[in-house]
2 protein chains.
Amino acid sequence: MRMSEGVEWAAHVCVLLDWLNQGELTPVPAGRLAEAYDLPAAYLGKQLQALTRAGITESVPGRYGGVRLARPAASVTLMDVVAAIEGPEDAFSCTEIRQQGMNSGNPPRDFAQPCGIAHAMRSAELAWRRELAETSIADLVAATPTRVADGARHYFQRA
Amino acid sequence: MRMSEGVEWAAHVCVLLDWLNQGELTPVPAGRLAEAYDLPAAYLGKQLQALTRAGITESVPGRYGGVRLARPAASVTLMDVVAAIEGPEDAFSCTEIRQQGMNSGNPPRDFAQPCGIAHAMRSAELAWRRELAETSIADLVAATPTRVADGARHYFQRA
DNA sequence: GCTTTCTTACTCGGATACCTACTGTCCGAGTGGAATAGG
DNA sequence: CCTATTCCACTCGGACAGTAGGTATCCGAGTAAGAAAGC
């Protein structure tokens, strides 16, 4: 159970975009974002597509186009970013093996209530999601040292 | 981020083994367990190896050998089972991309404290693990309808 | 000088290979019980 | 009848293919700015 590397990239990009938005609102090309963190440009573009499809970012085509946050950073949580990249479905999926093999002929009445294992797994995942939903991009921006954010603004201003 | 199917199998097997242990303590062959839930026998065996390596089950070789729980069901949590199959490492791994590209030359002093994204991710995973650790195999056994457990015992007694 | 048109450079977006890791399978080493031969 | 030995069936265990999904890449469609030509 390994989370896609794209989640880390997407989260950092969202934070970076909010740093830059505080100065100006011009969109930033995906290629520039990629070189800022030394990432493969084309593949990062794919992750940005996912973010855009989820309504987290919006992409501006044409010259001087690029990507920018589609809504305030305070309303974008880490849960949103993870769901956008990894997909909405749960990590654990119950395939109801309890109804196969030795129980294949039993009446479905015995399995009316959900499987206890699936229930516990789902409960744990909900706790995970709840925790992720409590951290927004704005929170992460607020926790960033001023020096680092200023450095990023400086980097994107020139050339 | 999809969890291995083996986790579901392993959890169900642990519950089943505890159902059977309440009657007698003889080990159960992996092949029998596989047919009980209609699973590929050889691959289930691989998962059982992982459980044994983790100290959750112990395997008895030779004729009339098989697999049985190595410790009381109350001391085996879902967290243990997940860790045994999926491995102990976290789903999210921080690769410190913030120190690359535009920040590759900056002093490491700026990045002394851990990345906020990694911190939030880790916090969420801990909540997930904590929740999983609160459900033991014994809890799952206690929540099982008596009718189903009896059926399983009956299935394994004959032949 | 102003408006319209055209060119052009730049952007995203989806379709296309590659590669790791999960899934599935096989055969050999090891073990313990049971039958058997001997005392 | 008891004991030691041999045999054998059955078990787990690790080594070996197949496949789905994440990783990486490329090229084409679309757009908006800017230059240029016409009025």
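Labels below follow one simple rule: chain letters A, B, ... track the order of the sequence lines, proteins then strands, and each chain is numbered from 1.
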Using atom types as modelled and distance alone, determine if a side-chain donor or acceptor of B:Gln99 lies under 3.5 Å from a backbone N or O of B:Phe111. no
What integer distance in Å separates B:Glu35:CD from D:dT11:P? 11 Å
Does any residue of residues 4-14 of chain B have a heavy atom under 4.0 Å from DNA chain C, and if so, which ones, in number order? B:Ser4, B:Glu5, B:Trp9
Within the structure shown, what part of the strands sits under 4.0 Å from A:Ala41 by heavy-atom distance: base, sugar-phosphate, or nothing? nothing
Let me confirm one number: the OH-CZ distance from B:Tyr37 to A:Arg98, rounded to the nearest 0.5 Å. 9.5 Å
d(CD, B:Glu86; C1', C:dT23) in whole Å: 13 Å
So CG of B:Asp90 and CE of A:Met1: to nearest 0.5 Å the spacing works out to 8.5 Å
Rounded to the nearest 0.5 Å, what separates atom CE in A:Met121 from atom CG in B:Leu78? 5.0 Å
Rounded to whole Å, the CD-P distance (A:Gln47 to D:dT23) equals 7 Å
Report which part of the nucleic acid A:Gly31 touches: base, sugar-phosphate, or nothing (heavy-atom distance under 4.0 Å, all strands). nothing
If hydrophobic clusters are built from ILVMFWY residues whose side chains come within less than 4.5 Å, do A:Leu16 and A:Val60 share one? no
Contact class for B:Gly66 (heavy atom, under 4.0 Å): base, sugar-phosphate, or nothing? sugar-phosphate
For the pair made of CD in B:Glu58 and P in D:dT11, what is the distance, rounded to whole Å? 17 Å
For the pair made of CZ in B:Arg32 and C1' in D:dC12, what is the distance, rounded to whole Å? 16 Å
Spacing between B:Leu44 atom CG and D:dC12 atom C1', to the nearest angstrom: 13 Å
Given atom CG of A:Leu48 and atom P of C:dT11, what is their separation to the nearest angstrom? 13 Å
I'd like a list of close polar pairs between nucleotides 14-16 of chain D and the protein, N/O only, cut-off under 3.5 Å.
| from | atom 1 | to | atom 2 | distance (Å) |
| --- | --- | --- | --- | --- |
| D:dG14 | OP2 | B:Gln49 | OE1 | 2.8 |
| D:dG14 | N7 | B:Gln49 | NE2 | 3.2 |

Are A:Phe156 and A:Trp19 close enough that their ring centres sit under 6.0 Å apart? no
Considering only side-chain heavy atoms of B:Arg2, which listed nucleotide, C:dC22, D:dG22, C:dG24, is closest? C:dC22
Counting N and O atoms only, with roles assigned by atom type, does the side chain of A:Glu86 sit under 3.5 Å from a partner on the main chain of A:Ser4, one being a donor and the other an acceptor? yes
Encode nucleotides 31-37 of chain C as B, S and - characters from 5' to 3', where the letter depends on protein heavy atoms closer than 4.0 Å: B to the base, S only to sugar-phosphate, - to neither. BS-S---
If you find the nucleotide of DNA chain C closest to A:Val67 and the one closest to B:Met3, which residue's nucleotide is nearer the 5' end? A:Val67
Does the B:Asp80 side chain pair with the main chain of B:Thr77, one donor and one acceptor, at a distance under 3.5 Å? yes
Is any side-chain N or O of B:Ser59 closer than 4.0 Å to OP1 or OP2 of D:dT11? no
Rounded to the nearest angstrom, tell me the gap between atom CG in A:Leu33 and atom P in C:dT11. 11 Å
Do the side chain of B:Asp139 and the main chain of B:Ser136 share a donor and acceptor less than 3.5 angstrom apart? yes
How far does CD1 of B:Ile97 sit from CG of A:Leu44, to the nearest 0.5 angstrom? 8.5 Å
Nearest 0.5 angstrom please: B:Trp128 CH2 to A:Arg130 CZ, how far? 15.0 Å
